[in-house]
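The structure appears right after this line, and notes come after that.
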Amino acid sequence: DQQVKQNSPSLSVQEGRISILNCDYTNSMFDYFLWYKKYPAEGPTFLISISSIKDKNEDGRFTVFLNKSAKHLSLHIVPSQPGDSAVYFCAASSLNTGNQFYFGTGTSLTVIP
Amino acid sequence: EADIYQTPRYLVIGTGKKITLECSQTMGHDKMYWYQQDPGMELHLIHYSYGVNSTEKGDLSSESTVSRIRTEHFPLTLESARPSHTSQYLCASSERRGDGYTFGSGTRLTVV
């Protein structure tokens, strides 16, 4: 049973606009969340993280929002750039899963110049 | 600059062959992982290790085996490859949960 879900397989956004990628989880014990970015034929690279003690974390153009009551997190990219075109995975873990993270199925973002 | 290395990047092999996918990291991380990923699907954990001589199976049943004789090296072996093994295999390592994983570039395996 999938514990982390990304229900939008793909998203297209115009350059300069905001990209919003969504992620839902089912395990209320999850307390640490990551976003990864993946280009074709490469491994995922870490983008941004958030702990459950926060509801927002910002790093440059990237902001992650966490809504614990809804078990939902989102990644905002502003402004979107063509180089942001990639597959984005969210991942979640809890203390009792140790270092193991559970991943969503990914959302393929295309930023149109 | 990659601190975790996977070889080969691409491999096409015939059914029934034995193969070993290599993974090495230079960060001294105790924890290492193998994930399998098909397009449009989530990353599935197939094996992990929390240190030398420690290996465990992950959530996804796999016919592969792993070994961890040295901290830096975590190879994955398929004794008899089948077309159903065609996938991308990603190796990762970590030290602390807060740091997340560092992934290798992956091995794209095709079994014909």
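Order of the sequence lines fixes the chain letters, A, B, ..., with proteins taken first and strands second; residue numbering starts at 1 for each chain.
B:Tyr50 and B:Leu45 end up in the same hydrophobic cluster when Ile, Leu, Val, Met, Phe, Trp and Tyr side chains are linked at under 4.5 Å. Linking ILVMFWY residues whenever their side-chain heavy atoms come closer than 4.5 Å, directly or via other members, leaves B:Leu43 and A:Tyr88 in distinct clusters. The hydrophobic clustering, which links ILVMFWY residues whose side-chain heavy atoms are closer than 4.5 Å, places A:Leu66 and A:Leu47 together. Note: the hydrophobic cluster containing A:Val87 does not contain A:Trp35 (ILVMFWY, side chain heavy atoms under 4.5 Å, direct or indirect links). Taking hydrophobic clusters as Ile, Leu, Val, Met, Phe, Trp and Tyr residues chained together by side-chain heavy-atom distances below 4.5 Å, A:Tyr32 does not share a cluster with A:Phe30.
Remark: B:Lys17 NZ is loosely packed, at most 12 non-hydrogen atoms of other residues, nucleotides or ligands lying under 6.0 Å away. In the displayed structure, A:Met29 atom CE is contacted under 6.0 Å by at most 12 heavy atoms of other residues, nucleotides or ligands. Open room surrounds NZ on A:Lys54; 12 or fewer heavy atoms of other groups in view lie less than 6.0 Å from it.
Among the residues in residues 78-95 of chain B, those with a non-hydrogen atom closer than 4.5 angstrom to a non-hydrogen atom of chain A are B:Gln88, B:Leu90, B:Ser94, B:Glu95. Proximity to chain B among residues 103-113 of chain A is limited to A:Phe103, A:Gly104, A:Thr105, judged by heavy-atom separations below 4.5 angstrom.
The side chain to side chain contact (heavy atoms under 4.5 Å, CB included) search around A:Asn7 returns A:Lys5, A:Asp24, not counting sequence neighbours.
Rounded to the nearest 0.5 angstrom, A:Gln3 CD and B:Glu42 CD are separated by 10.5 Å. Note: A:Gln100 CD to B:Glu56 CD = 10.5 Å, rounded to the nearest 0.5 Å.
Between A:Tyr36 and B:Tyr101, the closest side-chain pair of non-hydrogen atoms falls below 4.5 Å.
Closest of all the heavy-atom pairs between B:Gly100 and A:Leu34 is CA-CD1, 3.5 Å.
A:Phe46 has its ring centre no less than 6.0 Å from the ring centre of B:Phe103.
Only the side chain of A:Phe89 comes within contact range of chain B, judged by heavy atoms closer than 4.5 Å. Contacts of B:Arg96 with chain A are made by backbone atoms alone, with heavy-atom separations under 4.5 Å and no side-chain atom involved. At a 4.5 Å heavy-atom cutoff, the contact between A:Tyr102 and chain B is made by side-chain atoms alone.
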May I have the list of side-chain donor-acceptor pairs in residues 9-23 of chain A shorter than 3.5 Å, sequence neighbours left out?
unit_1  : atom_1 : unit_2  : atom_2 : d
A:Ser19 : OG     : A:Ser80 : OG     : 2.6
A:Asn22 : OD1    : A:His72 : NE2    : 3.2

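In terms of non-hydrogen atom pairs under 4.5 Å with chain A, the most contact-rich of B:His44, B:Gln37, B:Arg108 is B:Gln37.
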